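Worksheet: the structure to be examined is printed underneath.
Reminder, nothing fancy here: chain letters follow the sequence lines and each chain counts from 1. As the structure is a prediction and not an experimental result, all values here were calculated from the model.
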Amino acid sequence: MALELFNTLSGKIEPLFASDGHALRFYCCGPTVYDYGHIGNFRTFLHVDLLRRTARLHGLGLHHVMNITDVDDKIIRNALAAGKPIGEYSAKFEQAFFEDMDALGIEQPEQIARATENIDGMVDLIERLASQDIAYKAEDGSWYFRIARFPGYGKLSKKDLDGIEDGARVDVDEYEKDAARDFALWKATKPGETSWQTPLGPGRPGWHIECSAMAMKYLGDSFDLHAGGEDLMFPHHENEIAQSEAATHKPFARHWFHVRFLLVEGKKMSKSEGNFFTLRDLLLKGYRASAIRFLLLSVPYRHQLNFTFDGLTESTNAVDRLRTFNDRIRAGNWPATAPADDTLSTLIRKGDADFTAALASDLNTAEARAAIFDVLRAVNTAADQSRLTRADAEETLALLSKFDSIFAVLEDRDADLTRAALAWAEAEGRMDDVSPDVLEKFGSSGLTDAAIDALVAERTLAKKQRNFARADALRNELLEKGILLEDSKEGVRWKRQ
RNA sequence: GGCGCGGUACCCAAGUGGUAAGGGAGAGGUCUGCAAAACCUUUAUGCGUCGGUUCGAUCCCGACCCGCGCCUCCA
């Protein structure tokens with residue numbers, strides 16, 4: 001089944017393919033590194049990651065470019081306030097961004113492109129536009145894009161130009177533009193601001209030109225797909241199309257992928273609403289990185305996701321169940337006998353087919369999840385009834401491995417990630433954000449994995465000697481520290497609550 | 001005002017013109033030295049309301065009600 005994806009440009013679900021027959025060439029608008037990323041940012045990157053992984057499942061190679069906006073108004077302002085050069089200021093948040101991406105299991109793009117390292121390409125592009133009188137210089141030295149010269153303007157966001165012009169928003173700009181809706185390509189330097197000396201005059205690039213220049217530098221004039229959050233559709237992506245296509249007279253990106261915003265507790269996330277969370281905030285509250293990843297991926301990307309703490313708890317439980325299942329099937333010594341019939345094997349294969357088909361169908365993660373849980377139930381039942389064979393177990397593990405090549409939640413790195421967040425909070429003096437629970441479990445007084453293993457072993461021994469009082473005392477001791485023991489046929493497992 | 005999305009069980013959430021996936025929670029049960037966990041079973045005569053099309057609609061069409069997003073820096 002071919003991978004199909006909604007295309008914002010055409011408004012239809014269309015096959016996704018690599019036009020060069022090898023690798024999917026795509027560009028994703030990356031972060032502006034002026035602060036720590038919030039969970040809304042990561043919903044977008046998580047779904048781009050999902051797209052990557054699903055494309056790979058379909059045998060597509062990947063050539064994924066993501067920009068880092070390391071110069072913009074907010075960075076300049078914040079760096080100034082911190083008394084640091086912008087490079088030093090942005091480097092810290094760029095590093096934090098990649099740490100967070102890793103914590104959420106998001107793969108690195110093949111190519112990272114920093115704005116400040118690609119100024120030349122942006123200047124070239126603006127000059128190309130200027131040579132066609134599509135870019136013009138205003139009195140203050142800023143350069144603008146003449147929208148009137150690009151008839152296709154609005155085709156992505158389906159905007160009516162007149163509507164924009166007549167709308168309530170009138171761009172009140174202190175500089176002279178030929179038309180209100182013309183947008184900045186190059187911003188003239190204001191006193192005290194970082195600037196580049198270029199043939200265009202001193203200044204710094206506008207945000208939109210960055211992405212056009214870098215996408216075309218690494219992917220060519222035309223490429224397969226362009227991704228970003230829904231808010232970027234207009235004006236950012238619209239402007240990218242205008243700049244690029246006006247300069248090259250070739251189609252820019254063929255397929256446009258937009259991820260909808262998430263809501264937090266039913267409202268748009270904002271600092272003033274008090275529902276604004278970074279990944280680090282959540283880790284310090286004791287929520288697991290895997291649960292955050294799973295929740296953010298569970299609702300398909302074209303739907304709003306209402307992010308709630310209840311939902312996070314649900315996801316935690318769901319991930320636990322999947323991990324327990326994976327551990328059980330992996331650890332069990334299933335008999336190498338022939339199955340009584342092929343019912344289970346058929347079910348597992350159906351689960352596999354359903355899983356793959358769901359993802360191929362515009363990345364329907366909700367259905368893909370359901371397919372896996374169907375298999376989980378059937379296989380668990382068989383195992384409980386002692387009729388799970390080695391062959392079926394292996395088939396199940398293969399499917400789980402496929403599942404995890406997409407969802408990436410089975411491997412348990414959660415404790416380490418929470419410890420890393422805790423170390424960060426200590427270093428940054430943010431211990432007030434750490435929940436008492438996290439402090440107890442993961443702080444210096446918390447038990448290490450080795451210490452837990454030792455106590456568990458001691459209890460197992462006591463149990464074997466039928467010294468149940470001692471065994472129960474140890475179990476309670478562990479429970480008080482947030483360690484839950486599970487006795488099963490396959491042995492004792494422990495996990496952090 | 002313009003553009004767009006959604007309203008499915010206690011909560012989250014798929015889906016289809018022929019009669020409601022999955023997860024979480026609750027309840028019952030199995031297992032267990034006990035407990036917890038795990039596992040199993042179970043939970044919508046109904047899919048916002050009202051009309052229409054149809055042999056048949058949650059799914060198609062229309063109207064209405066409610067919630068939300070984008071249109072401005074914003075993932």
Side-chain angles (χ1 to χ4, degrees), chain A residues 8 11 28-32 34 37-48 72-74 77 154 157-160 162-164 166-172 207 227-236 238 258-263 266-271 294-296 298-308 310-322 324-325 327-328 354 358 361 364-374 376-377 379-385 463 466-469 471-472 475-476 478-479 484-490 492-495 497:
Chain A
T8 310
C28 168
C29 290
T32 300
Y34 68 97
H38 56 70
I39 53 173
N41 295 110
F42 291 115
R43 164 134 135 125
T44 298
F45 297 120
L46 231 16
H47 281 273
V48 172
D72 93 314
D73 291 345
K74 284 189 286 268
R77 183 194 65 207
S157 54
K158 322 286 190 265
K159 292 245 177 280
D160 179 347
D162 298 334
I164 295 170
D166 298 339
R169 177 187 67 90
V170 177
D171 197 345
V172 184
W207 175 38
E230 64 167 324
D231 59 310
L232 301 187
M233 202 161 84
F234 184 89
H236 183 55
E238 201 70 72
H258 289 105
V259 180
R260 286 206 76 180
F261 269 2
L262 63 72
L263 267 35
K267 295 207 166 151
K268 181 167 170 173
M269 182 167 60
S270 73
K271 287 186 176 163
F294 201 59
L295 175 59
L296 261 30
S298 288
V299 175
Y301 75 96
R302 283 209 288 148
H303 292 271
Q304 279 177 340
L305 157 66
N306 186 13
F307 184 94
T308 63
D310 285 349
L312 214 38
T313 304
E314 278 178 30
S315 290
T316 306
N317 294 340
V319 170
D320 263 346
R321 190 168 170 214
L322 288 163
T324 303
F325 176 63
D327 291 346
R328 176 185 194 187
D354 288 350
S361 171
N364 191 334
T365 48
E367 271 199 349
R369 265 181 60 151
I372 294 302
F373 278 101
D374 282 340
L376 178 150
R377 198 167 353 90
V379 172
N380 264 328
T381 303
D384 283 354
Q385 296 172 353
K463 246 178 68 170
R466 303 196 68 78
N467 183 355
F468 296 121
D472 290 353
R475 185 171 65 196
N476 286 334
L478 284 162
L479 187 62
L484 211 59
L485 263 47
E486 293 170 16
D487 295 339
S488 74
K489 282 182 202 162
E490 289 86 29
V492 184
R493 285 190 293 265
W494 62 263
K495 62 188 184 190
Q497 272 180 319

TODO: Measure from the side chain of A:Lys268, starting at C-beta and using heavy atoms only, and say which of B:A21, B:C74, B:C34 lies closest.
DONE: B:C74

- [ ] Answer with base, sugar-phosphate or nothing: what part of the nucleic acid does A:His303 contact at a heavy-atom distance below 4.0 Å?
- [x] sugar-phosphate

Task: Residue A:Thr44, side-chain atoms from C-beta onward, closest of B:G33, B:A38, B:A75 - done: B:A75

Task: A:Met269 vs A:Leu263, nearer the 5' end of RNA chain B by closest nucleotide - done: A:Leu263

Task: For atom CZ of A:Arg475 and atom C1' of B:A35, their distance in whole Å - done: 5 Å

- [ ] Check whether any side-chain N or O of A:Arg377 sits under 4.0 Å from OP1 or OP2 of B:G22, and answer yes or no.
- [x] yes

- [ ] Tell me which nucleotide among B:A75, B:C34, B:C73 gets nearest to the side chain of A:Asp472.
- [x] B:C34

Open item on the list: Distance alone, cut at 3.5 Å: any donor-acceptor contact between the side chains of A:Ser298 and A:Arg369?
Closed with: yes

Open item on the list: Between A:Arg321 and B:A37, is there a contact of a side-chain N or O with OP1 or OP2 at under 4.0 Å?
Closed with: no

TODO: Let me know the distance between CD1 of A:Ile372 and P of B:A14, rounded to the nearest Å.
DONE: 18 Å

Task: Distance in angstrom units between A:Phe234 CZ and B:G2 P, rounded - done: 17 Å

- [ ] Dot-bracket notation for RNA chain B is requested: 5' to 3', Watson-Crick or G-U wobble pairs only, both distances under 3.5 Å, with ( ), [ ], | and . as defined.
- [x] (((((((..(((.....[...))).(((((.......))))).....(((((..]....))))))))))))....

Open item on the list: Students often get this wrong, so: under 4.0 angstrom with heavy atoms, is A:Leu232 touching a base, only sugar-phosphate, or nothing?
Closed with: sugar-phosphate

- [ ] Using atom CG of A:Asn317 as one end and atom P of B:G22 as the other, report the distance to the nearest whole Å.
- [x] 18 Å

TODO: Using atom CH2 of A:Trp494 as one end and atom C1' of B:A37 as the other, report the distance to the nearest whole Å.
DONE: 15 Å

Task: Verify stack between A:Phe42 ring and B:A75 base, 5.5 Å, 30 degrees - done: no

Task: Sugar-phosphate, base or nothing in reach of A:Phe373, heavy atoms under 4.0 Å - done: sugar-phosphate

TODO: Quickly work out the A:Asn467 CG to B:C34 P distance and round it to whole Å.
DONE: 17 Å

TODO: Check every strand shown and say whether A:Arg260 touches a base, only sugar-phosphate, or nothing at a heavy-atom separation below 4.0 Å.
DONE: base

Atom pairs under 3.5 Å, N or O on each side, protein against nucleotides 10-12 of chain B: can you list them with distances?
residue : atom : partner  : partner atom : Å
B:C11   : O2   : A:Glu314 : OE2          : 3.4

- [ ] Give one of base, sugar-phosphate or nothing for A:Pro300, where a contact means two heavy atoms less than 4.0 Å apart.
- [x] sugar-phosphate

Open item on the list: In this structure, how many angstroms lie between the P atom of B:C3 and the CZ atom of A:Phe261, rounded?
Closed with: 21 Å

TODO: Remember a base hit wins even if backbone is also touched, and classify A:Leu485 as base, sugar-phosphate or nothing at under 4.0 Å, heavy atoms.
DONE: base

- [ ] Under 4.0 Å between any heavy atoms, over every strand shown, what does A:Arg43 touch: base, sugar-phosphate, or nothing? Just pick one.
- [x] nothing

Task: Touch class at under 4.0 angstrom, heavy-atom based, for A:Asn364 against every strand present - done: sugar-phosphate

Task: Nearest-Å distance for atom pair CG/P, residues A:Asn476 and B:A37 - done: 14 Å

TODO: For the side chain of A:Gln304, starting at C-beta, report the closest nucleotide among B:C73, B:A13, B:G69.
DONE: B:G69

